[in-house]
Protein chains: 2
Amino acid sequence: MTDLREPPPTGAAPAGVSVLAVDVGGTKLAAAPVHPDGRLGELVTRPTPDGDAETVWSALAAVVTEAIGDGAVSGAGIGSAGPLDAVAGTVSPVNIPAWRGFPLRDRLAALLAGRPVVLVNDAVAGAVGEYHHGAGRGVRAMLGMVVSTGVGGGLILDGRVYAGNTGNAGHIGHTIVDIDGDPCPCGAHGCVETITSGPAMVRWALRNGWSGAAPTGVALAASARDGDAVALAAFERSARALAAGIASAAALCDLDRVVIGGGVARAWDLLEPPLTASMGAYAGLAFVRRVEIVRSELDGQAGLLGVAALVHDPEMA
Amino acid sequence: MTDLREPPPTGAAPAGVSVLAVDVGGTKLAAAPVHPDGRLGELVTRPTPDGDAETVWSALAAVVTEAIGDGAVSGAGIGSAGPLDAVAGTVSPVNIPAWRGFPLRDRLAALLAGRPVVLVNDAVAGAVGEYHHGAGRGVRAMLGMVVSTGVGGGLILDGRVYAGNTGNAGHIGHTIVDIDGDPCPCGAHGCVETITSGPAMVRWALRNGWSGAAPTGVALAASARDGDAVALAAFERSARALAAGIASAAALCDLDRVVIGGGVARAWDLLEPPLTASMGAYAGLAFVRRVEIVRSELDGQAGLLGVAALVHDPEMA
């Protein structure tokens, strides 16, 4: 574990030189330099392509190269969709099927002429970002969540990152809330992600007669705001599974706060009311009921800021 | 957090003097002196009585007094059924309804003429006992579970106790595995405990036509060993919810091992085969599948040995 409130060890990153923060998700790839004062430089993003492992890598390499531009970086941190193997430096993101055991850390290090690369779960990176700079400030035990194409999470416990031996702690999207539930691409059944993710909401709504402008979460949210009953029910169902997952995480980890970001959380007006109502059904014990559920303050930038913070701390890898 | 592999701070407990280890559960109350070499002295137990808060306290005070006998103790550690408030020193065990916010730590300290008393969740104590002396040796991340009248747990993460701010981390019995499940005495719905606990198994079997020698888990296990189909199905159902809860905990906490003790685990021959089978349905990701599930080696003594270890470490309280 890494005490985040300790100053970064001197010499971990040369003063005055930027590091590169990289975010790998099932929907998009992003990178930005992080200046020595913590400010993010210009962000470069592009959609995560379909295709084989090298197609996805080529897209990421282009994003990285453009983000560095004419500057120089002393090293990089990657927040990647999980699961990953922090020891081997490989990633197998559920929503990037072409990457299974892909050696992301070493490939990026080679692209950066051997400069050091730190690899963490993207939701761990997001949790660290919120803890330092956003909606997680001031607590000791928090779960930072991303509810989007997938559902991920990262834990800060006793004021430190808890990543686990393999770097995969915080995978709340693959906790089981419906013992009789549908199969999940992860191989299990009834995972939070099978109900709560954006694509799961859209699939359920379409099966139940919703016909929006497009089969997307944005269109589903628009329908819900127009009062469409099926679209509203899709948000309620998603929030209910999310509440069960959060109550479970709070029971297990004695959490102070849960910070939710990602595309689905951008519809906070639609998500928050049924989420609060469902917590009444799934949070029983007093220490579980006390958990605060708040929206991300940094949203898309949480992961990049968290990765930047972690690059300064070699203990984290 | 407390690094369990550090030696106990000198002066925390006078050398040569025993400490008292106390175990408070919904079924029984127990206490024993722990000699300076770590050996448990003579164990005193009695059933947890029904009745009001003072009736339960009187029974515990009698157990404690008998366990001390003519000896002397320098302090005590209590492992209590949860939930509890580690800051206030109060306990509200789900299965001891007469105790709600009961000031157990201060009452025991008063009985011991002001000697120091450490209060932890009983399953945390059990996890520490297994980690030091039993089936948890050699791992970095483990969940110690008790499957009995209730279902409890305690976490060791990165080789340290993780108890949480309120001392309640590890409450796997109140993680939600059945989003449409029955109400739980904790106030939530579909908790692992509503399906997996001994009383839940017996209730389900009786509702489904089982008629054993007595409405107890021991009789249910005997029927299952005789081939009774309903009794066998009760074990399968219990194991299935247990597997979902364990898979969730492994996804969230990147666990190496889960150690299971308690009355239901004593029927390991009946529990283990359906538990292993169900892990196939609920453990999808590779880092979740790697979790080892083993039976407690210390069983009833894990909590007392763990409490004894923790009494030597004031950081834990």
Side-chain angles (χ1 to χ4, degrees), chain A residues 1 82-85 92 94 139-141 143 153 155 157-158 160 162-181 184-191 195 240-241 243-245 247-256 281-290, chain B residues 1 82-85 92 94 140-141 143 153 155 157-158 160 162-181 184-191 195 240-241 243-245 247-256 280-290:
Chain A
M1 291 205 189
L84 52 78
D85 182 331
S92 307
V94 175
V139 299
R140 296 276 297 162
L143 173 68
L155 286 168
L157 301 178
D158 280 345
R160 293 156 182 251
Y162 176 67
N165 282 347
T166 74
N168 286 297
H171 261 84
I172 188 171
H174 298 282
T175 60
I176 315 297
V177 291
D178 185 356
I179 198 168
D180 299 313
C184 178
C186 82
H189 293 77
C191 298
I195 307 174
R240 191 164 170 254
S248 295
L252 203 60
C253 296
D254 198 4
L255 298 173
D256 302 323
Y282 299 118
L285 301 170
F287 80 95
V288 178
R289 289 201 308 272
R290 80 184 173 92
Chain B
M1 293 205 184
L84 51 78
D85 181 330
S92 306
V94 174
R140 295 276 297 161
L143 173 69
L155 287 168
L157 301 179
D158 280 344
R160 294 157 182 250
Y162 176 67
N165 283 347
T166 74
N168 285 298
H171 262 84
I172 188 171
H174 299 282
T175 59
I176 315 298
V177 291
D178 185 357
I179 199 168
D180 299 313
C184 179
C186 82
H189 293 76
C191 298
I195 306 174
R240 191 165 168 255
S248 294
L252 203 60
C253 296
D254 198 3
L255 298 173
D256 302 323
Y282 299 118
L285 301 171
F287 79 94
V288 177
R289 289 200 309 271
R290 79 185 173 93

Q.
Could you check whether any side-chain heavy atom of A/L285 comes within less than 4.5 Å of a side-chain heavy atom of B/H171, counting everything from C-beta outward?
A. yes

I'd like to verify something: which residue of [options] has the highest number of heavy-atom pairs under 4.5 Å with chain B?
| options | result |
| --- | --- |
| A/G187, A/P83, A/A251 | A/A251 |
| A/S248, A/S92, A/G170, A/A286 | A/S248 |
| A/A169, A/G173, A/A250 | A/A169 |
| A/D85, A/I176, A/T175, A/L143 | A/I176 |

With a 4.5 angstrom heavy-atom cut-off, which part of [X] approaches chain B: side chain, backbone, both or neither?
| X | value |
| --- | --- |
| A/R290 | side chain |
| A/D256 | side chain |
| A/V94 | side chain |
| A/A241 | both |

Please give me the minimum heavy-atom distance between [X] and [Y], naming the atom from each residue.
| X | Y | answer |
| --- | --- | --- |
| B/A163 | A/D254 | O-OD2, 3.5 Å |
| A/A249 | A/I172 | CB-CD1, 4.0 Å |
| B/C191 | B/C186 | SG-SG, 3.7 Å |
| A/C253 | B/C253 | SG-SG, 3.9 Å |
| B/I179 | A/Y282 | O-OH, 2.7 Å |
| A/G245 | A/V177 | N-CG1, 3.7 Å |

Turns out that what part of B/L155 lies under 4.5 Å from chain A's heavy atoms comes down to side chain

Assert top hit (heavy-atom pairs under 4.5 Å, partner chain A, pool B/C184, B/G153, B/G164, B/A141) equals B/G164

Residue from B/A188, B/G82, B/A244 scoring the most non-hydrogen pairs under 4.5 Å with chain A is B/A188

Taken to the nearest 0.5 Å, the spacing of B/L252 CG from A/H174 NE2 works out to 12.0 Å

